[in-house]
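Quick notes on the structure that follows.
Letters A, B, ... are given to chains in the order of the sequence lines, protein chains preceding strands, and every chain is numbered from 1. Small disclaimer: the values here were computed from a predicted structure and weren't measured.
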Protein chains: 2
Amino acid sequence: MHRHEGHDACQAGVGDMLARAESVCRERGLQFTPLRREVMEAVAEAGKAQGAYDIAETLSAPGKRVAPVSVYRALDFLMQQGLVHRIASRNAFIPCAHGHAPGEGVVFLICRSCGGVDEASSEELEDGLDRTLKRAGFTPAHSILEVEGDCGACRGRQEAG
Amino acid sequence: MHRHEGHDACQAGVGDMLARAESVCRERGLQFTPLRREVMEAVAEAGKAQGAYDIAETLSAPGKRVAPVSVYRALDFLMQQGLVHRIASRNAFIPCAHGHAPGEGVVFLICRSCGGVDEASSEELEDGLDRTLKRAGFTPAHSILEVEGDCGACRGRQEAG
DNA sequence: GGCGGGTTTGTTACAGTGTATCACCGCAGC
DNA sequence: GCTGCGGTGATACACTGTAACAAACCCGCC
Ligand SMILES: [Zn+2]
Ligand SMILES: [Zn+2]
Ligand SMILES: [Zn+2]
Ligand SMILES: [Zn+2]
């Protein structure tokens, strides 16, 4: 199985993610079509956040063009099912390796150096956010938490180099 | 002085923000040109996050066209000085009403209903985030924290209506 | 005043991201 | 067969952002 370099917190392999996607769709009575599978696979294999146009190019081959619009539709579907996430600060998409509940506060850790994106969730962080919002009299519906920086692997490599 | 409706946590008025912008530029030996002032004013007066093209249209008049690229340059300048913020999830810009330090963790509270955007900062939230990142072995450089939901004013209005 | 160099702005063109629309296909259900 | 519906293909388009170059502007200096 392919496993990308660069950041090591990617617990689930590509096969695991595809299997989970398939079972999620089956459970919910939804179609895991070839196109959706290919898009999921492309996102899962990349090892870093992929733009929709990147995915379209990856899936295209001489004689078989996949238009970006098709990729967007597949991505919309996969996002609704919680199988991929959109990284707003990059206009790009990553596979969800965790299968957390929707609405659960998750922080995306985006490495400047290797481009890898990990997810971190934390009770503590979520509590802090909830209290901050409550103090402001704000009722949250959806959060976007993204941090750009250097992942442990890349930091180690820099210090060693 | 104009004060928009919708959310009430906008402490600073348009005049205050313009005055601060002017003094910030003077202190730093930078030019607060007419264009930059107009863009700052447009962002400050809007009451909700404005797209660059919206601002360009606002500033344009028959016979005097302001191109989006000029607006982008002014916005880049104002962002560098911490006078406006970019809302990544909206591709839009708001004035900074607080004058906080750069790099300080600030959450943007985006109201679905009125479109207003407030800033909230919290020691507690920042500590939670720091600890979460530390646990993940991640060194942060820049954070994007945006929450979409309903502001207090709009929630009150909904319950009343 | 005239000159030189940095900054700001205007203008055009272009790249990147995302959506609307309509037609076509495949398949389940009648 | 026919119909309805979800998925896909294809084109066009809107929105967001940047590159490149020229013109204008400012300011210190001769
Ligand atoms: Zn996830
Ligand atoms: Zn890294
Ligand atoms: Zn601010
Ligand atoms: Zn509101």
Whole angstrom value for the distance that separates P of D:dG17 from OH of A:Tyr53:
15 Å
Compute whether any side-chain donor of one residue and acceptor of the other, for B:Gln81 and B:Arg28, lie under 3.5 angstrom apart.
yes
Which residue lies toward the 5' end of DNA chain C, A:Tyr72 or B:Ser70, if each is placed at its nearest nucleotide?
B:Ser70
Clusters formed by hydrophobic residues whose side-chain heavy atoms approach within less than 4.5 Å: which one holds A:Val107, and what are its other members?
A:Leu109, A:Leu125, A:Leu129, A:Leu133, A:Phe138, A:Leu145, A:Val147, B:Val107, B:Leu109, B:Leu125, B:Leu129, B:Leu133, B:Phe138, B:Leu145, B:Val147
Looking at B:Asn91, does any N or O in its side chain come under 4.0 Å of the phosphate oxygens OP1/OP2 on D:dG17?
yes
Interface residues of residues 75-90 of chain A with DNA chain C (non-hydrogen, below 4.0 angstrom):
A:Arg86
Separation of atom CD in B:Gln31 from atom C1' in D:dC27, rounded to whole Å:
10 Å
Within a radius of less than 6.0 Å around CZ of A:Arg20, do more than 12 heavy atoms belonging to other residues, nucleotides or ligands occur?
yes
Atom-to-atom span, CG of B:Leu30 to P of C:dT9 - whole angstrom:
12 Å
Within the structure shown, what part of the strands sits under 4.0 Å from A:Val69 by heavy-atom distance: base, sugar-phosphate, or nothing?
base
With nearest nucleotide decided by heavy atoms, which residue, A:Thr33 or B:Ala92, maps closer to the 5′ end of DNA chain D?
A:Thr33
Sorted by number, the residues of residues 54-64 of chain B with heavy-atom contact under 4.0 Å to DNA chain C
none
When hydrophobic residues are tied together by side-chain contacts of less than 4.5 Å, even through go-betweens, does B:Val24 share a cluster with B:Leu75?
yes
Check every atom of C:dG18, D:dG7, C:dA20 against the side chain of A:Arg36 and return the nucleotide holding the closest atom.
D:dG7
Partners passing side chain to side chain donor-acceptor pair (under 3.5 Å) against A:Asp54 (at least two apart in sequence or in another chain)
none
Ring pair (Phe, Tyr, Trp, His ring centres under 6.0 Å) partners of A:Tyr72, counting only residues at least two apart:
none
Rounded to whole Å, please give me the gap between CD in A:Gln50 and P in C:dG18.
13 Å
Under the ring pair (Phe, Tyr, Trp, His ring centres under 6.0 Å) test, residues paired with A:Phe77 that sit two or more places apart:
none
Neighbour count >12 (heavy atoms, 6.0 Å) for atom CD, B:Glu57
no
Report yes if a donor N or O on one partner sits less than 3.5 Å from an acceptor N or O on the other, where the partners are the side chain of A:Arg73 and the base of D:dG6; otherwise report no.
no
Is it true that the side chains of A:Arg65 and A:Ser60 contain a donor and an acceptor less than 3.5 Å apart?
no
